[in-house]
Enquirer: 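One structure follows; several queries about it will come next.
In each ligand, atom 1 is the first atom listed, and ligand 1 is the first ligand listed. Since the structure is predicted, the reported quantities are computational estimates derived from the model, not experimental observations. Atom set for the values below is all heavy atoms of this structure, side chains included, hydrogens, waters and symmetry mates excluded.
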Amino acid sequence: MVDHRGYRSALIILTDEKDTPVTWAANGADTATESMNAALKNGQLPPCCNKARHSKDVVLFRDGENLAGECPSAMPGTNSDLLCSRLEHNEFIAGYLVAKVRHQLGVDSEEQSLFADMAGDIAYALGVMEMDADREKMKEEQKSLQNQILQAQKMEAVGRLAGGVAHDYNNMLSVIMGYAELAMDKAEDNESLRADLAEILNAAQHSADITRQLLTFARKQTTNPVVLDLNETVEHMLKMLRHLIGENIKLIWRPKAGLHPVKTDPIQINQVLANLCVNARDAIDGVGEIVIETDDITIERPHLINQTETVAGPFIQLSISDNGCGMDPETRDNIFEPFFTTKEAGQGTGLGLSTVYGIVKQNNGFIEVDSEPDQGTTFKIYLPCHRRADDDVSEQAEHRIPQGRGETVLIVEDEETIRQRALKCSNS
Ligand code: ADP
Ligand code: MG
């Protein structure tokens, strides 16, 4: 414009969706004054752009017209006209184009329509670039989401298969082993029958070892539980959660002092909290509050929580409450369904709560929701309290058995497989 059209100066400002200047470039006389740069950096558009914002057409400012504030040609008496147009393509507003031209040239209708064409071309190019970037981003998000879903489905299928098969299979094996042992007793001195039964027992034991490996494998892939203080785990996450929910929402943390330990995977706790806090944030319109609390509670009698029968015993309760929009009963009944969402496309995946549900279930816990329209929402998660004894039982049991001090045990047995078994017992 300056070089080829003889304009005195030209300025282009790109703005974000809130019409705040993001980046700008200028060429020609009196454009990049320090105060204008400072105003733009401060998020202020020059007054000419403010006037052009609501106009589809090129806006003309004649020489001397008083535009209060910093403009490329706001100073009266500079003997220039100012042309200004917003850069718009298909409702997408990319910013503004401003040009300072010789006095009287701005009035020329041909010059104005040429200027409008240039602004249109630039806006078109910017619009296409924006659309391409959006499309690319959407494609990537879709791909990553699809991968996540596939991965989650695969894990669930593998886990369910391995877990289900191994569980049923183990039950059958214990029946086989139990009856084989009973039959062994009844066989008394029928050596050949005892030998056959011993083979059955051996094979069953071997199968049980294989199933145990399968189960360990399936679980190892998904979780890594450790005994932890839930308060500490939550504390480590607070900063990230505050960041996630933004400044308008207050995050209140009420840890119960001396909380019992739980045995769970801290990464899963992170996932649960992040999902619940994001939902709470989405439910709050503007200003609000989220409260995270922990408590020790005892479930006295088994009862139904969310269609799952609880067991009685000591639990840790982790609750997340918000004073957001709450839910009606229909919504409440469906929230744990995978892909159930009330949010607009692109806002929600409907996978947050189904993930939380899966995690809680995997940890032998329960999840409860309490919500009314306009009354806010509380999610309560119950995780079984970890008793030190759970871990130490096998160790203690081992310790209680008197340890050998190099003595010798003589076994007299003519049957080879039983001798082998006895040997195995003494080795383990
Ligand atoms: P998404 O957040 O992607 O929609 P979720 O599984 O996390 O999926 O949540 C499912 C639905 O449950 C949400 O769309 C919303 O309707 C409802 N919901 C979840 N948490 C809250 C909450 N704290 N307050 C109100 N509604 C909620
Ligand atoms: Mg969610």
Enquirer: On a heavy-atom basis, which atom in Pro21 and which in Ile13 lie closest, and how many Å separate them?
Expert: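 Scanning both residues, the minimum pair turns out to be CB-CG2, 3.8 Å.
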Enquirer: What residue and heavy atom of the protein are closest to atom 4 (O) of ligand 1, and at what distance?
Expert: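 Ranking protein heavy atoms by distance from atom 4 (O) of ligand 1, first comes Thr341 OG1, 2.5 Å.
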Enquirer: Within a distance under 4.0 Å of any heavy atom of Thr331, pick out the atoms of ligand 1 and give their elements.
Expert: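 Checking each atom against Thr331, I get 16 (O).
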Enquirer: So which heavy atom on Thr377 is nearest to which on Met327, and how close?
Expert: CG2-CE, 3.6 Å
Enquirer: What residue and heavy atom of the protein are closest to atom 7 (O) of ligand 1, and at what distance?
Expert: Asn279 ND2, 2.8 Å
Enquirer: Have a look at ligand 1 and work out which part of Leu276, if any, has a heavy atom under 4.0 Å from it: side chain, backbone, both or neither.
Expert: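 Neither part.
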Enquirer: Do you know which of Leu353, Val356, Asp322, Asp370 makes side chain to side chain contact (heavy atoms under 4.5 Å, CB included) with Phe379?
Expert: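 Per the side chain to side chain contact (heavy atoms under 4.5 Å, CB included) rule, the option paired with Phe379 is Leu353, out of Leu353, Val356, Asp322, Asp370.
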Enquirer: With sequence neighbours left out, which residue pairs that include part of residues 115-140 fulfil the side-chain hydrogen bond (donor to acceptor under 3.5 Å, both in side chains) condition?
Expert: none
Enquirer: Would you sort out whether Trp253 and Glu235 count as a side chain to side chain donor-acceptor pair (under 3.5 Å), showing the intermediate values?
Expert: CA-CA 8 Å; Trp253 165 226; Glu235 223 125 66; 2.5 Å; yes
Enquirer: Would you mind telling me if ligand 1 is within reach of the side chain of Asn275, the backbone, both or neither, using heavy atoms under 4.0 Å?
Expert: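 No part of Asn275 comes within reach of ligand 1.
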Enquirer: Who gets closest to atom 24 (N) of ligand 1 by heavy atom: Gly352, Ala283, Cys277?
Expert: Ala283
Enquirer: Which residue owns the protein heavy atom closest to atom 2 (O) of ligand 1, what's the atom, and how far is it?
Expert: Lys343 NZ, 2.7 Å
Enquirer: Locate the shortest heavy-atom distance separating Gly127 from His89; write the atom from each residue and the value.
Expert: CA-CD2, 4.3 Å
Enquirer: Which protein N, O or S atoms lie under 2.8 Å from the Mg ion (ligand 2)?
Expert: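 Result, waters dropped: Asn279 OD1.
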Enquirer: Going by atom types only, do Asp19 and Tyr96 share a side-chain donor-acceptor pair under 3.5 Å?
Expert: yes
Enquirer: Report the nearest protein non-hydrogen atom to atom 5 (P) of ligand 1: residue, atom name, distance rounded to 0.1 Å.
Expert: Leu353 N, 3.6 Å
Enquirer: Does Asp282 pair with Lys343 as a salt bridge, N-O distance under 4.0 Å?
Expert: yes
Enquirer: Keeping the roles fixed (side chain from Asn323, backbone from Glu289), state whether a donor-acceptor pair exists under 3.5 Å.
Expert: yes
Enquirer: Which heavy atom of the protein is the closest neighbour of atom 23 (N) of ligand 1, given with residue, atom name and distance?
Expert: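 Going by distance alone, atom 23 (N) of ligand 1 is nearest to Asp322 OD2, 2.8 Å.
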Enquirer: Looking only at protein heavy atoms, which one is nearest to atom 15 (C) of ligand 1, and what is the separation?
Expert: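 Nearest protein contact, heavy atoms only, for atom 15 (C) of ligand 1 is Thr342 OG1, 3.4 Å.
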Enquirer: Please state whether Gly324 comes within less than 4.0 angstrom of ligand 1, counting heavy atoms only.
Expert: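 It does not, in that no heavy atom of Gly324 comes within the 4.0 Å cut-off of ligand 1.
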Enquirer: Examine the proximity of ligand 1 to Thr377 and report which part, side chain or backbone, both or neither, has a heavy atom under 4.0 Å away.
Expert: side chain
Enquirer: So which heavy atom in the protein is nearest atom 1 (P) of ligand 1, and how far is it from that ligand atom?
Expert: Gly350 N, 3.6 Å
Enquirer: Output the list of atoms in ligand 1 that are nearer than 4.0 Å to some heavy atom of Phe340, sorted by atom number.
Expert: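 What qualifies from ligand 1 is 8 (O), 10 (C).
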Enquirer: Quick one: does Asp16's side chain have a donor or acceptor within less than 3.5 Å of a partner on Lys18's backbone?
Expert: yes
Enquirer: Which residue and non-hydrogen atom of the protein lie closest to atom 26 (N) of ligand 1, and at what distance in Å?
Expert: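 Protein heavy atom with the smallest distance to atom 26 (N) of ligand 1: Met327 CG, 3.3 Å.
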Enquirer: Should the pair Phe315 and Tyr382 be assigned to parallel (<30°), tilted (30 to 60°) or perpendicular (>60°) ring geometry?
Expert: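 Judged by the thresholds at 30° and 60°, the geometry between Phe315 and Tyr382 is perpendicular.
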Enquirer: When you check the gap from the basic side-chain N to the acidic O, do Glu111 and Arg5 get nearer than 4.0 Å?
Expert: yes
Enquirer: Taking Ser371's backbone N and O only, do any of them form a donor-acceptor pair with Arg332's side chain (distance below 3.5 Å, no angle check)?
Expert: yes
